[in-house]
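Because the structure is a prediction, the values reported are computed rather than measured. The first residue of the sequence shown is numbered 1, and numbering continues consecutively from there.
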Amino acid sequence: MILLLFLMLCCSTLFPSQLHAGENLFNSGAAIKEELGRLGSEGKLFLKAPVDPYLVQTGAAAGLIAVAYIFDKQLSSNGSRHGVLRGITDAGSDASNPFLHLGIAATVYTAGAASGNAGVMDLGEEMGEALVLADSATFVLKGAVGRGRPYQTESKSSFRPFHFEGGYDSLPSMHTASSFALAHVAASHSESWSSKFACYAAAGLAGFSRVYQGKHWASDVLIGAAIGELAGDAVTRYRALQPGKVSVAPTAIGGTPALALVGKF
């Protein structure tokens, strides 16, 4: 837990100016209503992101996931290995707990509200929103797909959709989705490439740990990573399109590549 907190601090931007937080989720119904509205708008971006604007990336990711699925059996682990790598993956798996991540987001937000630092409070908000989107999506898919975990069945193709049985909630990996959602938000608040790398390295370790310990198939982890990345992106992309902000996005006009100014006014 201490290691993950340290990494999160490394990934986050330093906010030198102390601002009066004013209304927040602890003292204002209006703030709660605004938060729910924002989360709904981010959810819409999240749901349509695989087609708009990331259709090409979705196709590439789907191909990679398909390859992983083919070799899931060869890539799986029975979780019986020992040594240094086992200790590292134990730490990676523990640190990727979605409940721990929600606690970190709540702690960051509370610290910002208590200190009157609007920047820190916004960071906590973004973390929480990305985690809600990622965790909700994986929770629904786990029950709907009902894929058997590696320790539950020897077959990578054992599915019991909507049965909600223990050991049949492998796809996707919530630990991985949560880790990548948090990594995306944290990395977006840093201008340092080394810090960005540290964020995604920590998330990558989480996914590797789940496979190494026999908790998930490799394809479960890749799908979880994609969900987490899309959730984090939906939150940061929505924030970037707040009134008065304009961004440049790739587009095509009559089949010719072009750039478009995108903004909310």
Side-chain angles (χ1 to χ4, degrees), residues 45-79 85 88-89 92-93 96 98 101 130-131 133-142 144-159 161 168-188 193 196-237 249-250 252 257:
L45 289 180
F46 171 60
L47 290 174
K48 72 177 184 178
V51 176
D52 178 22
Y54 299 122
L55 182 59
V56 174
Q57 293 89 332
T58 298
L64 181 61
I65 292 167
V67 171
Y69 181 81
I70 293 172
F71 294 100
D72 264 339
K73 191 64 179 177
Q74 292 87 333
L75 295 171
S76 67
S77 168
N78 60 14
L85 189 55
I88 293 174
T89 54
S93 184
S96 64
H101 294 168
L131 291 172
L133 293 177
D135 294 351
S136 297
T138 53
F139 179 79
V140 171
L141 288 173
K142 279 176 176 290
V145 176
R147 187 185 193 186
R149 290 181 183 265
Y151 60 77
Q152 182 69 28
T153 173
E154 293 184 359
S155 173
K156 66 180 182 181
S157 303
S158 180
F159 295 91
Y168 282 87
D169 58 350
S170 190
L171 189 155
S173 168
M174 185 180 289
H175 282 65
T176 307
S178 178
S179 297
F180 272 86
L182 206 59
H184 183 101
V185 171
S188 72
W193 284 104
K196 292 178 186 292
F197 175 80
C199 291
Y200 280 104
L205 174 61
F208 173 77
S209 299
R210 303 302 286 173
V211 175
Y212 183 85
Q213 296 189 345
K215 302 293 179 64
H216 282 285
W217 304 98
S219 55
D220 299 337
V221 164
L222 290 179
I223 294 174
I227 290 174
E229 183 66 14
L230 288 174
D233 174 77
V235 171
T236 56
R237 190 154 46 96

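- Taking the six-membered ring for Trp and thresholds of 30 and 60 degrees, His184 and Tyr200 have ring planes more than 60 degrees apart, a perpendicular arrangement.
- Looking at residues two or more places apart in sequence or on another chain, you find a side-chain contact (heavy atoms from CB on, under 4.5 Å) between Ser136 and Val132.
- Between Ile227 and Leu141 there is a side-chain heavy-atom pair separated by less than 4.5 Å.
- Residues that satisfy the side-chain hydrogen bond (donor to acceptor under 3.5 Å, both in side chains) test with Thr138, not counting sequence neighbours, are absent from this structure.
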Side-chain polar contacts of residues 46-67 - donor-acceptor pairs under 3.5 angstrom, sequence neighbours left out - could you list them?
from	atom 1	to	atom 2	distance (Å)
Tyr54	OH	Asp233	OD1	2.9
Tyr54	OH	Asp233	OD2	3.1
Thr58	OG1	Pro50	O	2.6
Thr58	OG1	Tyr54	O	2.7

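- In terms of the ring-ring contact (aromatic ring centres under 6.0 Å, His included) criterion, Tyr69 has no residue partners (sequence neighbours excluded).
- Between Ala130 and Val185, the shortest heavy-atom contact is CB-CG2, 3.7 Å.
- For the side-chain contact (heavy atoms from CB on, under 4.5 Å) test, residues two or more places apart in sequence or in another chain that qualify with Thr89 are Leu85, Arg86, Phe208, Ser209, Tyr212, Gln213.
- A search for side-chain contact (heavy atoms from CB on, under 4.5 Å) contacts involving Tyr151 returns Arg149, Lys215, not counting sequence neighbours.
- Within a 6.0 Å sphere centred on CD of Glu154, other residues, nucleotides and ligands contribute 12 heavy atoms or fewer.
- The OG atom of Ser170 sits 8.5 Å away from the CZ atom of Phe159 when rounded to the nearest 0.5 Å.
- A heavy-atom distance below 4.5 Å is found between the side chains of Ser158 and Tyr168.
- For Ser173, the side-chain hydrogen bond (donor to acceptor under 3.5 Å, both in side chains) partners are Thr176, not counting sequence neighbours.
- Considering CD of Glu229 and OG of Ser179, their distance stands at 12.5 Å, rounded to 0.5 Å.
- Taking Asp135 as the reference, nothing meets the side-chain hydrogen bond (donor to acceptor under 3.5 Å, both in side chains) condition, with sequence neighbours excluded.
- Closest of all the heavy-atom pairs between Phe180 and Ala203 is CE1-O, 3.5 Å.
- Looking at Lys142 and Leu171, their side chains never come closer than 4.5 Å, going by heavy atoms from C-beta outward.
- Of the possible polar contacts, none joining the Trp217 side chain to the Leu75 backbone as a donor-acceptor pair under 3.5 Å is found.
- Of all the heavy atoms in His216 and Val221, the pair that sits closest is CB-CG2, 4.1 Å.
- Arg210 has its side chain within reach of Ser93: a pair of non-hydrogen atoms, C-beta onward, lies under 4.5 Å apart.
- The two residues Ser178 and Pro98 come nearest to each other via the heavy atoms OG-CA, 3.7 Å.
- Within the structure, the salt bridge (Lys or Arg N to Asp or Glu O under 4.0 Å) test picks out the following pairs touching residues 66-76 (sequence neighbours left out): Asp72-Arg147.
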